[in-house]
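Contents: one structure, followed by commentary.
Reminder, nothing fancy here: chain letters follow the sequence lines and each chain counts from 1.
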There are 2 protein chains.
Amino acid sequence: MAPELSSSDNATDQLNNRIFFRLFQLGNELQRQSVQQLGITTVQWAVLGALSREKYASGIPLSQLGEYLVVTRQNLDGVLKRLERDGLVRRVADDGDKRSRIVRLTPRGRTFWKEIRARISLFYDQASAHFSFDARVSLVHSLNVLQSDLAKVELSKVGLPKRHGK
Amino acid sequence: MAPELSSSDNATDQLNNRIFFRLFQLGNELQRQSVQQLGITTVQWAVLGALSREKYASGIPLSQLGEYLVVTRQNLDGVLKRLERDGLVRRVADDGDKRSRIVRLTPRGRTFWKEIRARISLFYDQASAHFSFDARVSLVHSLNVLQSDLAKVELSKVGLPKRHGK
DNA sequence: TATTGTTATACTCTATAACTATA
DNA sequence: TATAGTTATAGAGTATAACAATA
C-alpha cells in the first residue's frame with residue numbers, strides 16, 4: 001500500500017494542533033502583557049534588547065538588525081521611527097558603506113533599558129514560575145528547533161483554496 | 001541576608017531571555033508563514049479551527065469564542081466582519097438570550113476549512129519535523145504551563161519608567 | 001545589477017471608550 | 001446594575017511595490 005500524502009497519524013496531528021494553537025495564544029498573550037506590564041510592544045522590546053547588547057554598543061546596521069529580529073526592513077523602519085520619536089534610538093551614518101545606516105541606543109534609551117531591565121526580570125520570573133532550571137534549558141532547545149523548522153516551511157502553491165466568496 | 005527582590009540568578013535570567021525572545025520570534029514567524037502558506041492570518045485560523053469543532057457545529061456565542069481565543073469582543077468583532085465579508089462565517093440570533101449572537105461557519109466556510117485542513121497537516125509536519133512523539137507531548141505540556149503562568153503576570157505599577165522623551 | 005534604506009499604500013490587528021439592548 | 005454586542009477611533013504592525021543612492 002502506498003503511504004498517504006498527508007503523512008502524520010491522527011494522534012500526532014492533534015498534538016500538532018495543540019502546539020500551534022498554544023503558540024498562537026502565547027504570541028497574543030506575550031504581546032498584551034508586554035504592553036500592559038512594561039509599556040512597550042514586543043518588537044520594541046526586541047529592538048531595545050538587541051541594541052543593549054554589549055556586542056552592539058556601537059550600533060548595528062538596520063538590515064542586520066532586521067535579519068536578527070526577522071522583521072522586514074520596511075517594517076523595521078516604522079518601528080524605529082516610533083522609537084526615535086520617543087528619543088530612545090537614533091540612526092547614524094556608516095563610515096564605511098555609505099548606503100548603510102547604523103542604529104544605536106541614545107543615552108536616554110540606555111537609561112530606559114536599565115530602568116526596565118529589573119522589571120523584565122520580574123516579568124520572566126512570574127511568567128515562567130513553574131519551570132525548573134532543567135525544564136527551562138529543555139524548553140529553550142525545543143523552541144530553537146521549532147523556530148528553525150517553522151521558518152523553513154514551504155508548501156506547494158497548488159491546492160490552496162480560494163478564500164474569498166464572490 | 002535578606003533575599004534579593006529580583007529573584008533569579010543570572011543564568012536563569014539569561015535562559016528566560018532566550019525563551020521569551022524565541023516566543024516573540026515564533027509568534028512573528030507563525031503569523032508570516034500562516035499568511036504565506038495558508039492565506040489566512042493566525043486569528044482567522046484560530047476562529048475557523050474553533051468553529052469547525054464538532055462541539056461547536058451549531059455555533060458558539062461571540063463572547064465565549066472571544067474567551068476561548070483570548071481576544072477581546074471588540075477586536076473579535078473586526079475579525080468576524082472580515083470573515084463574513086468573505087462568506088466564511090455568519091452570526092445568527094440566539095433563541096434564548098436575546099442579547100447573545102451565535103457565530104458559526106457557513107457552508108462555504110465549512111468547505112474552505114475542509115480544503116485547507118490537509119494543507120495545515122502538511123504545515124504541521126514540516127514545522128515540527130524534528131520532534132518525536134514524546135517531544136511533542138512534552139512541548140504541549142510546557143506551552144500549557146507557560147501560557148497559564150504568562151496570563152497571570154502582574155507587576156506593580158510603581159517603577160515603570162517613562163517611555164516618552166520630552 | 002544587487003543592496004541599503006526610504007517612502008507610500010492598503011490591510012489587519014489591538015487597545016480603549018462609549019453606546020444599545022437586553023438580562 | 002451587569003452583560004452581550006456593537007460602533008468608533010487611534011495606534012501599531014505587516015505585506016508589497018517602487019524609488020534613490022551607493023556598491
Side-chain angles (χ1 to χ4, degrees), chain A residues 24-25 27-48 59-86 88-103 163-164, chain B residues 24-25 27-48 59-86 88-103 163-164:
Chain A
F24 158 72
Q25 284 193 322
N28 280 4
E29 196 69 51
L30 184 60
Q31 180 68 41
R32 174 182 7 268
Q33 287 289 47
S34 175
V35 171
Q36 262 175 11
Q37 309 298 332
L38 305 174
I40 52 177
T41 64
T42 50
V43 195
Q44 293 169 345
W45 180 354
V47 168
L48 296 176
I60 174 178
L62 190 147
S63 57
Q64 205 175 318
L65 181 60
E67 276 171 39
Y68 180 61
L69 303 178
V70 199
V71 177
T72 64
R73 62 195 199 285
Q74 294 99 318
N75 293 334
L76 183 55
D77 182 73
V79 175
L80 291 179
K81 277 203 175 94
R82 290 181 280 275
L83 287 172
E84 283 174 318
R85 175 200 62 194
D86 297 344
L88 299 179
V89 313
R90 77 185 141 163
R91 289 180 253 202
V92 300
D94 185 336
D95 284 342
D97 190 332
K98 280 181 181 170
R99 294 170 304 179
S100 175
R101 294 187 72 192
I102 305 296
V103 187
R163 172 240 170 99
H164 297 285
Chain B
F24 158 72
Q25 284 192 322
N28 280 4
E29 195 70 51
L30 183 59
Q31 180 67 43
R32 174 183 7 269
Q33 287 288 47
S34 176
V35 170
Q36 263 176 11
Q37 308 299 331
L38 304 174
I40 52 179
T41 65
T42 50
V43 195
Q44 292 170 344
W45 180 354
V47 168
L48 296 177
I60 174 176
L62 188 147
S63 56
Q64 206 174 317
L65 181 60
E67 277 170 39
Y68 180 62
L69 303 178
V70 199
V71 177
T72 64
R73 60 195 199 287
Q74 294 99 315
N75 293 334
L76 183 55
D77 181 73
V79 174
L80 291 179
K81 277 203 175 95
R82 289 180 280 276
L83 288 172
E84 284 174 318
R85 177 200 60 195
D86 298 343
L88 299 179
V89 312
R90 76 185 141 163
R91 288 180 255 201
V92 300
D94 185 336
D95 284 343
D97 190 332
K98 281 182 182 169
R99 293 169 305 181
S100 175
R101 293 187 73 191
I102 306 295
V103 187
R163 172 236 168 106
H164 297 285

With a 4.0 Å cutoff (strictly under), does any side-chain N or O of A:Arg32 reach OP1 or OP2 of C:dA15?
yes
Would you indicate whether the side-chain heavy atoms of A:Arg73 and A:Leu62 approach each other to under 4.5 Å?
yes
Do any of residues 91-102 of chain B sit with a heavy atom less than 4.0 Å from DNA chain D, and if so which?
B:Arg91, B:Arg99, B:Ser100, B:Arg101
Could you tell me the separation between the CG atom of A:Asn28 and the CD atom of B:Gln31, rounded to the nearest 0.5 Å?
9.0 Å
Has A:Thr41 got a side-chain N or O lying under 4.0 Å from the OP1 or OP2 atom of D:dG13?
yes
Of residues 60-68 of chain B, the positions that come close to DNA chain C - non-hydrogen atoms, cut-off under 4.0 Å
none
Is the shortest side-chain N/O distance from B:Arg85 to OP1 or OP2 of C:dT12 below 4.0 Å?
yes
Going from CG on A:Leu69 to CG on A:Leu76, what distance comes out if it is rounded to the nearest 0.5 angstrom?
6.5 Å
Roughly how far, to the nearest 0.5 Å, is the CD1 atom of B:Ile60 from the CG atom of B:Leu65?
5.0 Å
In whole Å, what is the span from the CG atom of A:Asn28 to the P atom of C:dC13?
10 Å
Listed in order of residue number, which residues of residues 73-83 of chain A have a non-hydrogen atom at under 4.0 Å from DNA chain C?
A:Arg73, A:Gln74, A:Asp77, A:Lys81
Whether the B:Glu29 and B:Gln25 side chains hold a donor-acceptor pair (N or O, under 3.5 Å, no angle test) is what I'd like checked.
no
Would you name the heavy atoms of A:Arg91 and A:Arg101 that are closest together and state the gap between them?
O-NH2, 3.4 Å
Judged by atom type as modelled, is there a donor-acceptor pair below 3.5 Å linking the side chain of A:Arg32 to the main-chain atoms of B:Val70?
yes
Quick one: B:Leu30 CG to C:dT12 C1', roughly how many Å, whole number?
16 Å
Does any N or O in the side chain of A:Asp97 come within less than 3.5 Å of the main-chain N or O of A:Arg99, such that one atom is a donor and the other an acceptor?
yes
To the nearest 0.5 Å, atom CD of A:Gln64 lies from atom CD1 of A:Ile102 at 8.0 Å
Is the backbone N or O of B:Leu30 less than 3.5 Å from a side-chain atom of B:Gln33, with the two atoms forming a donor-acceptor pair by type?
no
Rounded to the nearest 0.5 Å, what separation is found between the NZ atom of A:Lys81 and the CG atom of A:Asp77?
4.0 Å
Whole angstroms only, please: what is the CD1-P distance between B:Ile40 and D:dT14?
18 Å
